[in-house]
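Report on the structure given below.
Every number for a ligand or one of its atoms is a count from 1 in the order of the listing. Since the structure is predicted, the reported quantities are computational estimates derived from the model, not experimental observations.
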Amino acid sequence: IVRPFNEIPGLWKNSVGNLYNFWKQDGFKNLHRIMVHNFNTFGPIYREKIGYYESVNIIKPEDAAILFKAEGHYPKRLNVEPWTAYRDYRNRKYGVLLKSGEDWRSNRVILNKEVISPKIQENFVPLLEEVGQDFVVRVHKKINRSGQNKWTTDLSQELFKYALESVSSVLYGERLGLMLDYIDPEVQHFIDCITLMFKTTSPMLYIPPELLRKLGSKVWRDHVEAWDGIFNQADRCIQKIYKELRQDSGQTKKYPGSCVTELMAGGVDTTSITLLWTLYELARHPNLQEELRAEVVKARETSQGNMQEMLKHIPLVKGALKETLRLHPVAVSLQRYVAEDIIIQNYHIPAGTLVQLGLYAMGRDPKVFLRPEQYLPTRWLRTETQYFRSLGFGFGPRQCLGRRIAETEMQIFLIHMLENFKVEKQRHIEAKSVFELILVPDQPIILTLKPL
Ligand code: HEM
Ligand code: 2DC
């Protein structure tokens, strides 16, 4: 017999009290750990209400499969209120990220052809390879300048620039020049605005942004300033390209402007932080680093330097990236409003309910992954089952639009780094995640790069 919705365990009866407790636990920064704690307390399914968000939370891959089968024709995830509030406030259009229904689908179909179809991937491999090579040149230069035959630094700023250079070169077919010594202050401002935009989103997730706006709160003002900076820079890039396209051929590709802005903004912190975590793990596991290097060297030989071909011979590098996203996912959860009634863990869940898969919690659950605390890229080489376990980019038609770009960009980066440098860790630091809308390291990660 199926148990009713109202019997799902959890704290969902006192939403204001829950919000207060959440705030007291520093929930804005610890959302991922609070979710782990809740699964430990209530089991594999719990119901929750914080402020105005009500959801059912699940952790099992088998339950994720049920969820995604019920996502319907127009999958809808949790609306990030501050993001839509900004666009409404400034009268700007929504892009695919925030659109819904048929409007979302028709835009997404066009964009899929431009950025996610396997056919188009061939086009951007050479572009990304060039950026990867320039990054290597830049690191060599830094090493030489240090006079110590090594370079010790917090790579995050460098990785932001690498990521933005990569995504711009794919979107516009043109380089911004971010691997050079002098960089345009406007571009640096754009990068800073993206980080500020994420940071100012999380405190506003559970409080209506409208209210914060009327109160003239600082977090809302900072958020507006951040998006203004993002849209202004993106508009400049788009204008420039339109001009050139008109001059070249008279024909203009019709990109929806708000979608391009989202692709630029979505393509910076996500890939760069994932790469930073990967380098951190490789620095902590020197033997594994050598195994990956051996794989890359061999792949280079068998494919005679053809990058497109090389990408087919690096299963361990790909496994490492999956392993990074398992332990350090960008998104703390995946969510869908279910389109039909479903049964999960023998509970009835009515259509329209917001169901969240705790992605961070699932990645660290010993019932899902053997010895979850260990960084083991080989677990993705078909030794363990992979059924609904590799979900870092989401799932189905609403999955990450930048997935192909992100994967290719990160694989090419690691190939180049492994071929040229040894990565070492300085002190015995144990970096953890903090929730700043996306999950980011809680402290600077200082790494040392040495030429091979
Ligand atoms: C959506 C993760 C990089 C643009 C998403 C989602 C996740 C995600 C989990 C939600 C998917 C779902 O609900 O099923 C990641 C990770 C990245 C990454 C882990 C890198 C390591 C990028 C890049 C871009 C991008 C490079 C842009 C070039 C987007 C957009 C959406 C999205 C536009 C919304 C798609 C839609 O609603 O139709 N991403 N992302 N992401 N991502 Fe990414
Ligand atoms: C944050 O409770 C936690 O890829 C919330 O590139 C639920 C939630 C909803 C949507 C998620 C968000 C979380 C994390 C960041 C994501 C976002 C959807 C897309 C976005 C996962 C899990 C991201 C980072 C995009 C951002 C593009 C944007 C900057 C233009």
Side-chain angles (χ1 to χ4, degrees), residues 27-28 31-32 34-35 48 50-51 53 55 57 64 67-68 71 74-83 86-87 94-100 104-105 107-109 111-112 114-116 124 128 163-164 166-168 170-171 193-195 197-198 201-202 204-206 226-227 230-231 234 258-278 321-322 324-326 328-337 354 356-360 390-411 413 435-440:
F28 297 137
L31 186 60
H32 51 307
I34 292 177
M35 286 179 87
E48 152 185 89
I50 305 175
Y53 281 126
S55 67
N57 292 265
L67 168 62
F68 287 114
E71 68 176 359
Y74 304 114
K76 192 168 171 279
R77 64 177 157 260
L78 188 146
N79 181 31
V80 180
E81 218 73 44
W83 296 354
Y86 168 82
R87 284 151 181 82
Y94 294 3
V96 263
L97 174 72
L98 302 173
K99 281 178 187 286
S100 53
W104 164 77
R105 220 188 61 88
N107 275 265
R108 177 81 201 210
V109 166
L111 285 162
N112 281 347
E114 300 287 341
V115 296
I116 208 172
F124 54 72
L128 293 172
L164 181 55
S166 296
V167 75
S168 313
V170 170
L171 291 178
C193 283
I194 297 171
T195 307
M197 179 277 290
F198 281 126
T201 304
S202 49
M204 290 196 284
L205 268 184
Y206 300 94
W227 276 121
I230 293 168
F231 273 93
S258 47
C259 293
V260 180
T261 307
E262 287 171 359
L263 285 168
M264 276 183 85
V268 180
D269 297 38
T270 47
T271 48
S272 54
I273 285 164
T274 307
L275 285 173
L276 187 60
W277 281 120
T278 307
L321 287 166
K322 285 190 184 168
T324 302
L325 287 174
R326 176 179 71 81
H328 315 285
V330 170
V332 65
S333 72
L334 303 175
Q335 335 78 38
R336 293 291 184 265
Y337 289 90
L354 176 66
Q356 295 205 69
L357 169 72
L359 197 60
Y360 176 92
S390 174
L391 293 174
F393 290 98
F395 184 83
R398 188 110 215 195
Q399 69 176 279
C400 177
L401 177 60
R403 179 174 190 162
R404 286 285 169 280
I405 298 178
E407 287 175 340
T408 316
E409 175 192 322
M410 295 193 295
Q411 290 160 14
F413 178 91
F435 177 74
E436 287 185 357
L437 198 81
I438 56 172
L439 292 171
V440 301

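Between T274 and ligand 1, a contact under 3.5 Å exists for no N or O pair. Here's the thing with R398: one of its N/O atoms is less than 3.5 angstrom from an N/O atom of ligand 1. Where the criterion is an N or O separation shorter than 3.5 Å, residue side chain and backbone included, L263 fails it with respect to ligand 1. Some N or O of W104 is nearer than 3.5 Å to an N or O of ligand 1, by distance alone.
Contacts between L334 and ligand 2, counted as non-hydrogen atom pairs separated by less than 4.0 Å, are absent for every part of the residue. Contact annotation: for L97 versus ligand 2, heavy atoms closer than 4.0 Å belong to the side chain alone. Under 4.0 angstrom from ligand 1, the non-hydrogen atoms of V167 all belong to its side chain. The proximity of I194 to ligand 2, defined as any non-hydrogen pair under 4.0 Å, does not occur for either the backbone or the side chain. When non-hydrogen atoms are compared, ligand 1 lies under 4.0 Å from neither the backbone nor the side chain of E409. Proximity of R336 to ligand 1, defined as any heavy-atom pair under 4.0 Å, is confined to the side chain (atoms from C-beta onward). Counting heavy atoms under 4.0 Å from ligand 1, residue M264 does not touch it at all.
For atom 23 (C) of ligand 2, no protein heavy-atom neighbour is found at a distance under 4.0 Å. At a distance under 4.0 Å, no protein heavy atom can be found next to atom 11 (C) of ligand 2. Not a single protein heavy atom sits closer than 4.0 Å to atom 16 (C) of ligand 2.
Interface atoms of ligand 1 facing G392, defined by a heavy-atom separation under 4.0 Å, are 2 (C), 9 (C), 19 (C). Counting atoms of ligand 1 from 1 in the listed order, those under 4.0 Å from a heavy atom of G402 are 4 (C), 23 (C), 24 (C), 25 (C), 27 (C), 28 (C). Remark: ligand 2 atoms within the under-4.0 Å shell around heavy atoms of L437 are 1 (C), 14 (C).
Ring-centre distance between Y337 and Y74: not below the 6.0 Å cut-off.
Across the listed options V170, V330, L275, V330 owns the non-hydrogen atom lying nearest to atom 19 (C) of ligand 1.
Taking the six-membered ring where tryptophan is involved, the planes of F395 and F68 are tilted, since the angle between them lies from 30° to 60°.
Using a 4.0 angstrom heavy-atom cutoff, Y53 does not count as in contact with ligand 2.
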